[in-house]
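So the structure is just underneath, and the comments pick up after that.
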Protein chains: 2
Amino acid sequence: MEILIVGGAGAMGQWFARFFVERGEAVYILDPRPDSRSIAEELGAAVVDRQKLSDADVVLISVPIDVAPSVIKDTAPVLKDGALLMDITSIKRSPVDAMRSAIKGRNLEGLSVHPLFGPTTEMMKKQTVIFVPVRSGRLSYWIEQTFREAGAHIEYMEADEHDRLMAVVQGLTHFVYITFGQTLRALGFDIEGSRRYMSPIYEIMTDFVGRVLHQDPRLYGLIQMNLDLGKIHETFINEACRLSEIVKEGDIERFVEEILASRRHFGDTSRSMAASDRLVNFKVKEDD
Amino acid sequence: MEILIVGGAGAMGQWFARFFVERGEAVYILDPRPDSRSIAEELGAAVVDRQKLSDADVVLISVPIDVAPSVIKDTAPVLKDGALLMDITSIKRSPVDAMRSAIKGRNLEGLSVHPLFGPTTEMMKKQTVIFVPVRSGRLSYWIEQTFREAGAHIEYMEADEHDRLMAVVQGLTHFVYITFGQTLRALGFDIEGSRRYMSPIYEIMTDFVGRVLHQDPRLYGLIQMNLDLGKIHETFINEACRLSEIVKEGDIERFVEEILASRRHFGDTSRSMAASDRLVNFKVKEDD
């Protein structure tokens with residue numbers, strides 16, 4: 001199979017280039033960045049120019065969210081008949097809309113994919129990959145089989161459903177970790193110094209705060225701005241204010257009732273207790 | 001050594017009863033709850049009444065934060081000369097103040113300890129225990145040695161310093177996890193259904209949200225109410241509002257600058273990246 005990755009020198013582009021090279025496919029990289037050639041060589045892929053787009057069987061768009069729709073729009077017209085156009089953007093509404101328009105009246109397959117993992121993930125095994133099919137066919141099926149054979153857990157969804165769900169799963173989670181980091185800065189809190197006094201749950205919280213701060217801030221910003229987060233931010237801030245008020249009033253009975261209500265809504269908290277115990281025990285034992 | 005645990009039938013009381021029994025010490029439990037006797041038998045300890053307080057070498061107070069100061073006050077006068085009075089309350093200012101007054105003019109040792117772990121922790125090995133000495137002596141030293149031999153990491157601090165630090169380490173961390181849980185409830189979000197689409201960082205976030213909701217809500221409430229959290233809650237809420245505003249305005253450059261500033265304040269984020277990768281990989285591999 002000839003697979004061309006637009007943005008293949010980026011972190012996730014490289015991840016997928018390596019993935020397909022390891023499976024014996026011919027991988028081509030189209031990327032304007034100056035070090036594309038050396039990156040491609042290291043990966044066992046070849047750097048190509050736009051002309052190669054019309055030869056590829058699969059064209060995978062791996063570019064930032066804000067440019068993905070226009071890259072999809074510009075790419076589709078030059079693809080050969082029967083080719084698959086796919087993207088791996090973290091949000092789905094705008095790229096799926098762009099893909100739907102771009103392949104209209106053309107003999108192309110369209111598949112919008114969201115791999116729920118980042119570039120530091122070693123393998124696809126057990127990772128969740130969300131598939132939003134736009135127009136399926138033989139090549140979409142081949143991608144699905146390839147991902148399944150690599151151990152991926154695949155879920156099919158609609159773009160709207162995906163974005164609504166990700167507004168909480170990604171949007172709220174990132175928002176909370178980033179806000180925690182902003183708060184530590186605003187308080188001038190000595191994070192390094194606090195390491196000696198860490199409780200495991202604080203330690204794991206700060207591991208993830210640091211993780212989010214370490215990675216591409218533009219990607220996090222674009223995810224926040226492209227998911228419909230208004231209501232979710234508002235709800236989170238309201239709940240923080242409400243809880244803080246209860247604490248200020250010293251109303252312990254009310255505090256207990258609120259937690260019990262959240263516990264009932266949460267569902268099986270004993271499972272979370274066991275899962276978090278395993279994480280804590282792993283953390284305690286790992287530097288033995 | 002004769003060790004008497006006031007509140008020894010509670011979760012942490014049992015933990016320390018077991019700890020000392022395993023080390024061959026004579027452990028006595030003073031606890032009003034009706035099932036104290038069967039709990040004590042199972043632990044290899046003996047249930048006693050208040051009279052026994054005057055025999056014990058070490059009296060360990062393991063009661064809720066809100067009653068700890070009065071229990072300390074009522075206990076000290078009946079202890080024998082040279083005994084050690086200690087508590088394991090999660091906050092330190094009020095029990096230390098109470099202990100200081102209670103042992104004044106008496107020949108008693110005083111030690112206020114905060115074990116930074118919960119009752120589901122298997123061993124003391126590698127766990128942090130904070131020591132706030134009130135009046136040290138031979139028995140305080142014996143406790144320290146016993147904890148060290150069990151592998152504890154011991155840190156000495158003043159009560160004020162402890163409570164200021166814990167306002168962030170415990171207070172803010174719990175506050176954030178609880179607020180996340182309240183938000184999921186307010187949104188009516190289907191947590192069980194979201195498990196199929198979890199990213200690892202959301203999965204670990206929800207593991208800890210569920211953990212906090214699963215445990216004693218009164219303890220979390222008392223920690224919130226006894227640490228000086230006003231300014232910290234306010235800062236967190238302000239930062240959430242500020243970040244949400246930047247997202248609403250779609251100001252990606254500002255968003256990036258804010259994250260970069262928090263990254264600089266955070267310090268070594270690559271260490272957090274590596275630590276969180278290990279947690280994620282553990283989670284992915286654990287049900288192999």
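This structure is a prediction, so every number in the text was calculated from the model and none was measured. In what follows, chains are A, B, ... by sequence order, proteins preceding strands, each numbered from 1.
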field: Best-contacting candidate, A/Glu155, A/Gln127, A/His233, against chain B by heavy atom pairs under 4.5 angstrom
entry: A/Glu155
- prompt: With a 4.5 Å limit on heavy-atom distance, are the side chains of A/His162 and B/Tyr197 in contact?
  reply: no
field: Most chain A-contacting option - heavy-atom pairs closer than 4.5 Å, from B/Leu184, B/Ile201, B/Thr120, B/Thr121
entry: B/Ile201
statement: So CG of B/Leu116 and CZ of A/Arg196: to nearest 0.5 Å the spacing works out to 12.5 Å
message: So for A/Met205, is it side chain, backbone, both, or neither that comes closer than 4.5 Å to the heavy atoms of chain B?
response: both
query: Side chain, backbone, both or neither: which part of B/Val280 has a non-hydrogen atom closer than 4.5 Å to chain A?
result: side chain
field: Interface moiety of B/His114 toward chain A, non-hydrogen atoms closer than 4.5 Å
entry: neither
message: Taking every non-hydrogen pair under 4.5 Å, which of A/Cys241, A/Ala186, A/Gly230, A/Pro217 racks up the most with chain B?
response: A/Pro217
statement: Counting heavy-atom pairs under 4.5 Å with chain A, the top scorer among B/Leu222, B/Thr183, B/Leu187 is B/Thr183
query: Are side-chain heavy atoms of B/Ser276 and A/His214 found at a separation under 4.5 Å?
result: no
task: Specify the closest pair of heavy atoms between A/Gly188 and B/His265, including all atoms of both residues, with the distance to one decimal.
output: C-NE2, 3.9 Å
field: Interface residue of largest heavy-atom contact number with chain A, from B/Gln215, B/Glu122, B/Lys248, B/Lys231, under 4.5 Å
entry: B/Gln215
field: A/Phe255 side chain near B/Ile178 side chain, heavy-atom distance below 4.5 Å
entry: yes
field: Heavy-atom proximity to chain A below 4.5 Å, by part of B/Met225
entry: both
- request: Can you sort out the partners of A/Asp228 under side chain to side chain contact (heavy atoms under 4.5 Å, CB included), two or more places apart, ordered by chain and number?
  value: A/Arg93
message: If I compare all heavy atoms of B/Ser194 with all of A/Leu165, which pair ends up nearest, and what's the gap?
response: CB-CD1, 4.4 Å
CZ on B/Arg211 to CZ on A/Phe266, rounded to 0.5 Å: 12.5 Å
field: A/Ser262: partners by side chain to side chain contact (heavy atoms under 4.5 Å, CB included), with sequence neighbours left out
entry: B/Gln182, B/Arg185, B/Leu213
- request: Mind telling me whether A/Phe282 and B/Phe282 have parallel, tilted or perpendicular rings, with 30° and 60° as the class edges?
  value: parallel
task: Please identify each residue that fulfils salt bridge (Lys or Arg N to Asp or Glu O under 4.0 Å) with A/Glu253, with sequence neighbours left out.
output: B/Arg218
statement: Comparing A/Asp216, A/Val129, A/Leu279 against chain B, the one with the most heavy-atom pairs below 4.5 Å turns out to be A/Leu279
- request: Measure A/Gln224 against the heavy atoms of chain B and call it side chain, backbone, both or neither at under 4.5 Å.
  value: both
- prompt: At a heavy-atom separation under 4.5 Å, does A/Glu249 approach chain B through its side chain, its backbone, both, or neither?
  reply: neither
- request: Starting at CZ of A/Phe208, measure out to CZ of B/Phe208 and round the result to the nearest 0.5 Å.
  value: 8.5 Å
- prompt: Between B/Phe117, B/Tyr220, B/Tyr177, which shows the greatest number of heavy-atom pairs under 4.5 Å with chain A?
  reply: B/Tyr177
statement: For residues 166-173 of chain A against chain B, heavy atoms under 4.5 Å, the residues are A/Met166, A/Val168, A/Val169, A/Leu172, A/Thr173
query: Checking B/His174 against chain A: side chain, backbone, both or neither under 4.5 Å from a heavy atom?
result: side chain
statement: Whatever's closer than 4.5 Å to a heavy atom in chain A on B/Ile130 counts as side chain
message: Taking CD in B/Glu161 as the centre, count heavy atoms belonging to other residues, nucleotides or ligands within less than 6.0 Å. Is the count above 12?
response: yes
message: So for A/His153, is it side chain, backbone, both, or neither that comes closer than 4.5 Å to the heavy atoms of chain B?
response: side chain
task: With a 4.5 angstrom heavy-atom cut-off, could you sort out which part of B/Ala274 is near chain A: side chain, backbone, both or neither?
output: neither
message: Taking side chain as everything from C-beta outward and backbone as N, CA, C, O, which of these in B/Arg264 sits under 4.5 Å from a heavy atom of chain A? Side chain, backbone, both or neither.
response: neither
- prompt: With respect to chain A, which residue among B/Asn226, B/Val256, B/Thr128 yields the maximal number of heavy-atom pairs within a distance under 4.5 Å?
  reply: B/Val256
message: Please classify the contact between A/Leu243 and chain B as side chain, backbone, both or neither, with a heavy-atom cut-off of under 4.5 Å.
response: both
Max heavy-atom pair count under 4.5 Å with chain A, selected residue of B/Ala275, B/Gly267, B/Ala261, B/Pro200: B/Ala261
task: Locate the shortest heavy-atom distance separating A/Ala240 from B/Thr179; write the atom from each residue and the value.
output: N-CG2, 3.6 Å
Which atoms of B/Asp251 approach chain A - backbone, side chain, both or neither, heavy atom under 4.5 Å: backbone
query: Can you name the closest pair of heavy atoms from B/Thr206 and A/Ser272 and give their distance?
result: O-OG, 4.0 Å
- request: Run the salt-bridge test on B/Asp207 and A/Arg271 with the 4.0 Å N-O cut-off and return the result as yes or no.
  value: no
- prompt: With a 4.5 angstrom heavy-atom cut-off, which part of B/Glu192 approaches chain A: side chain, backbone, both or neither?
  reply: side chain
- prompt: Who wins among A/Gly250, A/Gly221, A/Gly210, A/Gly193 for the most heavy-atom pairs under 4.5 Å with chain B?
  reply: A/Gly210
statement: Greatest number of non-hydrogen atom pairs under 4.5 angstrom with chain B, of A/Thr269, A/Val176, A/Ile191, falls to A/Thr269
message: Ignoring hydrogens, what is the shortest heavy-atom contact between B/Ser244 and A/Ile237? Give both atom names and the distance.
response: CB-CD1, 4.1 Å
